[in-house]
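All values reported here derive from a predicted model rather than from experimental measurement. All chains are named by letter (A, B, ...) in the order of the sequence lines, taking the proteins before the strands, and each is independently numbered beginning at 1.
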Protein chains: 2
Amino acid sequence: MDQAQLKAIVVLSEELHFGRTAQRLGITQPALSQKVSKVENELGVILFTRAHRRIAVTEVGRIFIAHARSALIEMETAVRMAQKASAGQVGQLHLGFVENASFDVLPKAVSAYRRRFPEVDLRLSEMISAELLEKLLAGRLDIALMRPIKTELELKRRLVHQEPYVAVLPVDHPLAAASSVRIEDLAKLPMIIAAGAKATYLREQFGPLFARLGHDIVVGQEVNQLPAMLSLVSSGIGYALLPKSVTNINVPGVTYLPLATPNAPQAELVAVWRGDETNPAIKYFLSFLPRVDETPWEVASRSH
Amino acid sequence: MDQAQLKAIVVLSEELHFGRTAQRLGITQPALSQKVSKVENELGVILFTRAHRRIAVTEVGRIFIAHARSALIEMETAVRMAQKASAGQVGQLHLGFVENASFDVLPKAVSAYRRRFPEVDLRLSEMISAELLEKLLAGRLDIALMRPIKTELELKRRLVHQEPYVAVLPVDHPLAAASSVRIEDLAKLPMIIAAGAKATYLREQFGPLFARLGHDIVVGQEVNQLPAMLSLVSSGIGYALLPKSVTNINVPGVTYLPLATPNAPQAELVAVWRGDETNPAIKYFLSFLPRVDETPWEVASRSH
DNA sequence: CTCATTGATAAGCAATGCTTATTTTACCAT
DNA sequence: ATGGTAAAATAAGCATTGCTTATCAATGAG
């Protein structure tokens, strides 16, 4: 059974005339006669009566044609949808991201993308970077916005955001009076830090720096939520190191200070996706993410 | 686009393995490779990624396959339904009938047919014989149960019922005392008769007989409904001639008498249908109608 | 490093399905 | 009646399609 055969029968049922039908289908009349007979023979049914120079649809034909119409429409829909999907206009796009992406990069990209591709079914899920990689490789995610974890896998990545860290201190702390603060001064205080694996990236970035300055990271408290962290700082229990974009959140009792230490680590956000072209929507979403040059830190620092 | 192509793609999406898929489809692996590539090239999309010895369905493929599945099911349904319709098991059957058929022949046939073919959508409509013929020829009816009107058209017909007429008289009428009544005696009384075209058949049958006996049909009253006719008789306004099956209806004040006249006309009911085989259900319904030999009246009379 | 597995490609051949030409059938006008 | 005409079926030839077998290329496992 073939699209052309179905179409021939449906059109013939509209025209009730072999000549005109053949013309509409762009074939000759004998070709149409053969096509129709072939279907009738294959199915063992009579779809049209051709008696007395007048074509009529039989009851069997009426029933067959009703379903044939649906089948044709479904086939056309399949093709049309596949082509729309190929242009990234329909389908699903599974996005994963770390918490920090949700403060700035993610909402901007998502809202712009949604406006441009409203028919794409966007699925968002927040998790930690290690989990993101895993789901990405398993095909459960299309794109992840995460910290630049080292990974030698067949994944593509692009730096999409880069910002300095700031120190968060109680307003009444002696160090809070200055316009910036040095790591060496902070290092003696207890640090309020995200719980467990969530803080891996921060520890990796600042661990070596602290060590070089002859200090350890003194963990005062591990917390899960950002508001809890800020409120612990405001109550004088310690300090925190956070990406600068978090200062958008205004909390009484804390103050944000730039780090005076040169070559201080920057918080980076990368987009990661599988290189195979399984989902055309991926490349379109990527075009809505900022493009940041992977420059050395000191150069990038100037821009902030 | 072709059923085999759709099926190939759907099966491949289940197996994710060209060899096994080809085997399931009963073709060789190269044939399958070609089939799939051909569809992808025609649509200009990629449905499967074949990288690294591992087949995966792309997002485009996922969307295409969902519709392809529906299309396949619809095609299979079309074939199955057409074949069921060809066996008279589904579809519509438009039955037309005259009022008199509804007293005996029609309800018996319909209820037996319904039990045997419950999925056929039976449409019943009552009208007079002339109308029935017209709708039959126009294709609006499949079968009509009607009076044997003369018609030289391409219609087939079969006698399905034959019964004598009885005279209906008031119980207290002098003629009602006998066990039968002669036309000559009735002819002097006014006849209660169906209105207009509905009485054509009765007039055609009895007109010549009355004339042969030297009488005219004296119309006392024309009525539309059978109960009205009987109640007029019971009130002594006149007599009526009705097919014997109507005596199933028991009405006080009237009595039914056989006609003593030899060779009196019989009420006949024929099934009429178009000879072309446009609706397979027709022949099955016909097998549920009684088969009466078209014998001369006097022979048939004996059986009553 | 070799071998096995798997999908793509190539070449040949059979079958399908189109085209043109012709026949059949029924309707219609003379 | 009877020949003309319109329309669908049938026939014959040919081009295309799509299958098969054989082979190649790539990748991953032992």
Side-chain angles (χ1 to χ4, degrees), chain A residues 1-58 61 137 152-155 274-278, chain B residues 1-58 61 75 137 139 152-155 274-278:
Chain A
M1 190 68 56
D2 165 330
Q3 195 170 23
Q5 290 176 318
L6 292 182
K7 188 132 196 194
I9 286 164
V10 168
V11 174
L12 181 56
S13 78
E14 290 165 3
E15 294 284 355
L16 296 177
H17 188 288
F18 277 74
R20 277 197 301 278
T21 303
Q23 205 172 354
R24 253 182 76 179
L25 296 172
I27 57 175
T28 58
Q29 170 266 315
L32 177 64
S33 279
Q34 291 166 18
K35 236 193 243 286
V36 174
S37 310
K38 186 156 177 284
V39 174
E40 289 185 322
N41 290 335
E42 279 172 1
L43 304 190
V45 302
I46 297 167
L47 302 175
F48 300 95
T49 53
R50 294 103 155 142
H52 307 300
R53 199 174 181 166
R54 179 153 291 169
I55 311 277
V57 179
T58 65
L137 288 167
E152 308 299 328
L153 300 154
E154 77 263 37
L155 294 173
R274 287 187 314 284
D276 59 6
E277 287 287 316
T278 58
Chain B
M1 189 67 56
D2 166 332
Q3 195 170 23
Q5 290 176 318
L6 292 182
K7 188 133 195 193
I9 285 163
V10 168
V11 174
L12 181 57
S13 78
E14 290 165 4
E15 295 284 354
L16 295 178
H17 187 288
F18 277 75
R20 276 196 302 278
T21 303
Q23 205 172 353
R24 253 182 76 178
L25 296 172
I27 57 175
T28 58
Q29 171 267 314
L32 177 62
S33 278
Q34 291 166 18
K35 235 192 242 289
V36 175
S37 311
K38 186 156 176 283
V39 174
E40 289 184 322
N41 290 335
E42 278 171 1
L43 304 190
V45 301
I46 296 167
L47 303 174
F48 299 95
T49 53
R50 294 102 155 141
H52 307 300
R53 198 174 184 164
R54 180 153 290 170
I55 311 277
V57 179
T58 64
M75 285 167 99
L137 288 167
E152 307 299 326
L153 299 155
E154 78 264 35
L155 295 173
R274 286 187 314 285
D276 59 6
E277 288 286 316
T278 58

K.L.:
Are more than 12 heavy atoms from other residues, nucleotides or ligands located less than 6.0 Å from atom CD1 of A/I46?
P.N.:
no
K.L.:
Which one, D/dA9, D/dA7, D/dG18, comes nearest to the side chain of B/K38?
P.N.:
D/dG18
K.L.:
So does A/Q29 reach the base of D/dA7 with its side chain, donor to acceptor, closer than 3.5 Å?
P.N.:
no
K.L.:
Between atom CD in B/E40 and atom P in C/dG7, what is the gap in whole Å?
P.N.:
14 Å
K.L.:
Keeping A/E42 on the side-chain end and A/M1 on the backbone end, is there a donor-acceptor pair under 3.5 Å?
P.N.:
no
K.L.:
Tell me the interatomic distance from A/I27, atom CD1, to C/dT19, atom P, rounded to whole angstroms.
P.N.:
7 Å
K.L.:
Can you check side chain to side chain contact (heavy atoms under 4.5 Å, CB included) on A/V57 and A/L12, steps first, answer last?
P.N.:
CA-CA 9 Å; A/V57 179; A/L12 181 56; over 6 Å; no
K.L.:
Could you give the CG-to-C1' distance, from B/D2 to C/dT16, as a whole number of Å?
P.N.:
12 Å
K.L.:
Looking at C/dT19, C/dT6, D/dA7, which one has an atom nearest to any side-chain atom of A/T28?
P.N.:
C/dT19
K.L.:
Calculate the interatomic distance between A/Q34 atom CD and C/dA21 atom C1'; express it in whole Å.
P.N.:
13 Å
K.L.:
Could you check how far CG of A/N41 sits from P of D/dA9, rounded to whole Å?
P.N.:
11 Å
K.L.:
Checking all strands, does A/L32 fall into the base, sugar-phosphate, or nothing category for heavy-atom contacts under 4.0 angstrom?
P.N.:
nothing
K.L.:
Please pick, from C/dG7, D/dA7, D/dT10, the nucleotide with the shortest atom-to-atom distance to any side-chain atom of A/S33.
P.N.:
D/dT10
K.L.:
Would you kindly give the CD-to-C1' distance between B/Q23 and D/dT20, to the nearest whole Å?
P.N.:
16 Å
K.L.:
Taking CD1 from B/I55 and P from C/dT6, how many angstroms apart are they, rounded to a whole number?
P.N.:
11 Å
K.L.:
Grab the NZ-P distance between A/K35 and D/dT10 for me, whole Å please.
P.N.:
17 Å
K.L.:
From the options C/dG17, C/dT19, C/dG7, select the nucleotide whose nearest atom is closest to the side chain of A/A31.
P.N.:
C/dT19
K.L.:
When you get a sec, tell me which of C/dG17, D/dA9, D/dA8 is the closest nucleotide to the side chain of A/P30?
P.N.:
D/dA9
K.L.:
Is the count of non-hydrogen atoms from other residues, nucleotides or ligands lying under 6.0 Å from B/I27 atom CD1 greater than 12?
P.N.:
yes
K.L.:
Measure from the side-chain N and O atoms of A/Q5 to the backbone N and O of A/K35, and report whether any donor-acceptor pair falls under 3.5 Å.
P.N.:
no
K.L.:
Side-chain N or O of B/R50 versus OP1/OP2 of C/dA8: is the shortest distance under 4.0 Å?
P.N.:
yes
